[in-house]
2 protein chains.
Amino acid sequence: MANIKQIATDMGVSVATVSNALTGKGRVSMDMVERIRKRADELGYRPSLVGRALRGGRTGILGLVMPDLTNPLFPRIAQHLSLVADSRHLGILIADSRGNSDEQSQAIDRLVDRGVDGLLIVPQKGTSPGPQRVPTVIINTASDPDNTVSADHVGGGNLIATHIAGLGHRSVVIFGGDPVSEVQRDRIDGMLAGLKNAEEIQVLWGNEGEGLGGLIPAIHKGATAVMTTSDLLALTVHSHLARAGLSVPGDVSLTGFDDLPLATAMHPMLTTVAQNVAQIAERAIDQLSRKISGEPMPDTRVTVPMQLVARHSTANQKQITNLEVSQ
Amino acid sequence: MANIKQIATDMGVSVATVSNALTGKGRVSMDMVERIRKRADELGYRPSLVGRALRGGRTGILGLVMPDLTNPLFPRIAQHLSLVADSRHLGILIADSRGNSDEQSQAIDRLVDRGVDGLLIVPQKGTSPGPQRVPTVIINTASDPDNTVSADHVGGGNLIATHIAGLGHRSVVIFGGDPVSEVQRDRIDGMLAGLKNAEEIQVLWGNEGEGLGGLIPAIHKGATAVMTTSDLLALTVHSHLARAGLSVPGDVSLTGFDDLPLATAMHPMLTTVAQNVAQIAERAIDQLSRKISGEPMPDTRVTVPMQLVARHSTANQKQITNLEVSQ
DNA sequence: CAAGATTGATTAAACGATTAATCTCTGGCG
DNA sequence: CGCCAGAGATTAATCGTTTAATCAATCTTG
């Protein structure tokens, strides 16, 4: 591998001059700059980022800590983070927190040992990592303390609930996966806010088939819409409705959350709410870069709006139900 | 941050002695080793991996190149790779190849510039990256050239086809997403091999709703099972069958591939085939580490068996169909 | 034309570790 | 007593870069 010394001896100048010529700092004649650049190109010279890191005290690498990634949304975040990082000439080192907060801090330690300049943390459900030895930005849990970049889960809940209310639904079931998750609680809070004119709201919890017992009875008692806190949950609900002979959206409207790939694979395609993952990634890296370079922070908590994706699993409230309700 | 020099002056010895004491190399008295270790602990000393990398020529970092990750399997691979890497004291730097092979080589360049010791590449569909400047292992495309670690897609296809054949199905539809994908072609090859006693096999291609036109007619002509090359595809097929009034597995058996989270969220739960992602990750990093350290390679291509996950979307062939066939 | 400013380059230290080569003892042995 | 071996430590080079300090030569200016 060609290094700066090689170029220097080739051109009969000092390494300092080469460094200055290539980085554009210091004072070097136009002529010299050009010749050095040329030679560097010929040799296919690539500066050693390791050498640079040692001297400069910055590796240009960000650490990304993710929880157990059963949630299909995380990879998309990772993908966009990596895209944005690239464009800023940063690298991303990943670590897995394996579903518990002990491993989470170990993962963080390993990243810090490797000399990352900052940390991006998607925290375990229900935990919020304390202050770290390096600049840190938390992703995606709006209820967390400062230094957080997050989708507006409350706003998203509100958005989709308003959609449902606008279709005339007055009796609604809300189905959540896990009460420990701040994200899910936020979403439900938003839904409740958006449903303030509803006549009957029932909140059920449970995942992977549990807690579905209350669903069918609720519908027979007049509920005309089911709102879930995740597309995966919506799929489960959909299957159960189908088995009970209830059609979507004919008999009951159904909504998800996150706009996962399965939302368009289902039939009818799922009405859901999408996170602007690209923007979350961008803002997160923006914030982190600012912290690293010690710039003043304009706002310490950033919230990115969500977007309603209306598809075919929601429809106007049926007339029959209308009659029942108006009795 | 405490460094080796700090410890050295604290103890009144040279940095070389400290380094030797902490790494266990060179000649240092027991007594000295103990005292140095103690002081290092007190200071919370962590060696600078950057300094070490510069001197040693190895960063201890592996680059992971992933294609556009709409495929929900990739994140699981990434997760396990990160786990295995940890246990070997390696780091993983990620890069996204954004769906085309140009960006893929740029992503590789960036990783190499960062000084990774080796590359793990999950290639774009239909492309196979040529030889690289650093040791490389390709993941998950068995039809690729050497240096590949992959699930046995052919074997997996065979496995699930044998399951279907064993249930008495003789007329089968195979549904693939994208003929460009080597992986999917391998899977289908395996299925065909496992169905050699079948009487009628129809292969259809298409994703996101396309190509489904031929499905219902095929079933009315006597097909009793549909096999797909992906769980996502299976979900789409399932919805279409339901709309046509056909039940799974009552009227027709259905299979997926990969055992994604949605496989258990569906109803009935999907019979599918699972990749042993943990083992793939382990073997991949094993191979790569060997290449990096220049050890002789026992086998250049590694194949990891897949596993049948029989759930409730497959059942014995119906009697009615039996009659039809036996006419 | 002398003093000071400017330009273009060099020197050398620094970042944090590893390691080959060297040095200084002490003890063993003939 | 003299010599050698080996233990235990040090010295100094090295990895590839950046950068403050310095120097020599040229240009400006009163």
Side-chain angles (χ1 to χ4, degrees), chain A residues 1-37 39-40 43-61 89 91 112-117 133-134 292-293, chain B residues 1-37 39-40 43-61 89 91 112-117 133-134 292-293:
Chain A
M1 275 278 84
N3 57 15
I4 229 175
K5 199 166 175 181
Q6 159 100 307
I7 301 180
T9 53
D10 278 18
M11 311 289 298
V13 298
S14 72
V15 293
T17 301
V18 176
S19 173
N20 283 331
L22 294 175
T23 59
K25 299 178 182 172
R27 289 185 301 224
V28 190
S29 65
M30 294 293 224
D31 176 64
M32 184 91 268
V33 168
E34 204 153 322
R35 280 162 50 217
I36 290 180
R37 288 251 163 84
R39 184 80 190 119
L43 293 174
Y45 168 76
R46 313 257 60 202
S48 153
L49 299 188
V50 174
R52 209 175 254 178
L54 181 56
R55 164 70 216 217
R58 295 245 178 105
T59 54
I61 296 181
H89 301 284
V112 173
D113 279 357
R114 287 219 174 267
V116 298
D117 295 336
R133 288 163 290 170
V134 295
I292 291 173
S293 55
Chain B
M1 276 279 83
N3 56 18
I4 229 176
K5 199 166 174 182
Q6 159 100 308
I7 301 180
T9 54
D10 277 19
M11 309 291 298
V13 298
S14 73
V15 294
T17 302
V18 177
S19 174
N20 283 331
L22 294 175
T23 59
K25 301 179 181 173
R27 289 185 299 223
V28 190
S29 64
M30 292 297 218
D31 176 64
M32 184 92 271
V33 168
E34 204 153 323
R35 281 160 51 215
I36 289 180
R37 289 252 163 83
R39 185 78 190 120
L43 292 174
Y45 168 76
R46 313 257 61 200
S48 154
L49 299 188
V50 174
R52 211 174 251 179
L54 182 56
R55 166 71 216 221
R58 293 244 179 106
T59 54
I61 296 181
H89 301 283
V112 173
D113 279 357
R114 287 220 172 267
V116 298
D117 294 337
R133 286 163 292 168
V134 295
I292 291 173
S293 55

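A, B, ... follow the sequence lines: proteins, then strands. Residue 1 opens every chain. Heavy atoms only: backbone and side chains are in, while hydrogens, waters and symmetry mates are out.
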So do B:Val112 and A:Arg46 actually touch side chain to side chain, heavy atoms under 4.5 Å?
no
With heavy atoms of chain B within less than 4.0 Å as the criterion, where does contact along DNA chain C begin and end?
C:dG16 to C:dT19
Axis bend over the full length of the helix from C:dC1-D:dG30 to C:dG30-D:dC1, computed from five pairs that close each end, to 10 degrees
60°
Quick one: does B:Arg114's side chain have a donor or acceptor within less than 3.5 Å of a partner on A:Leu49's backbone?
no
Rounded to whole angstrom units, what separation is found between the NZ atom of A:Lys5 and the C1' atom of D:dT18?
15 Å
Gap between atoms CD1 and C1', on B:Ile4 and D:dA9 respectively (whole Å):
15 Å
Rounded to the Å, how far apart are A:Leu49 CG and D:dT17 P?
9 Å
Would you mind writing out the side-chain donor-acceptor pairs for residues 25-35 of chain A within the sub-3.5 Å range, not counting sequence neighbours?
residue	atom	partner	partner atom	Å
A:Ser29	OG	A:Met32	N	3.2
A:Asp31	OD2	A:Arg35	NH1	3.1

Rounded to the nearest 0.5 Å, the CG atom of B:Leu43 sits from the CE atom of B:Met1 at a distance of 9.5 Å
Walk me through it: do A:Val134 and A:Asp117 pass the test side-chain contact (heavy atoms from CB on, under 4.5 Å)?
CA-CA 7 Å; A:Val134 295; A:Asp117 295 336; over 6 Å; no
What pairs of donor and acceptor atoms, side-chain ones from residues 5-20 of chain A against any protein atom, are under 3.5 angstrom apart with sequence neighbours left out?
residue	atom	partner	partner atom	Å
A:Thr9	OG1	A:Lys5	O	3.3
A:Thr9	OG1	A:Gln6	O	3.0
A:Asp10	OD2	A:Arg39	NE	2.7
A:Asp10	OD2	A:Arg39	NH2	2.7
A:Ser14	OG	A:Thr17	N	3.4
A:Ser14	OG	A:Thr17	OG1	3.2
A:Asn20	ND2	A:Ala16	O	3.3

If you compare all heavy atoms of A:Ser48 against all heavy atoms of A:Gly51, which two are closest, and at what distance to 0.1 Å?
OG-N, 2.9 Å
Quick check: closest heavy atoms across A:Tyr45 and A:Leu22, and the distance to 0.1 Å?
CE2-CD1, 3.6 Å
First locate atom CD1 of B:Ile4, then atom CZ of B:Arg52, and finally report the distance between them rounded to the nearest 0.5 Å.
8.0 Å
Calculate, to the nearest 0.5 Å, the distance between atoms NE2 and CG belonging to A:His89 and B:Asp113 respectively.
11.0 Å
Numerically ordered, the residues 21-33 of chain B set in heavy-atom contact under 4.0 Å with DNA chain C is B:Thr23, B:Lys25
Measure CZ/B:Arg35 against P/D:dG8 and give the value in whole Å, please.
13 Å
Where along residues 50-60 of chain B does a heavy atom fall under 4.0 Å from DNA chain D?
B:Leu54, B:Arg55
Report the distance from atom CE of B:Met11 to atom C1' of D:dT10, rounded to the nearest whole Å.
16 Å
So, is A:Ser48 near the phosphate of D:dT17, with a side-chain N or O under 4.0 Å from OP1 or OP2?
no
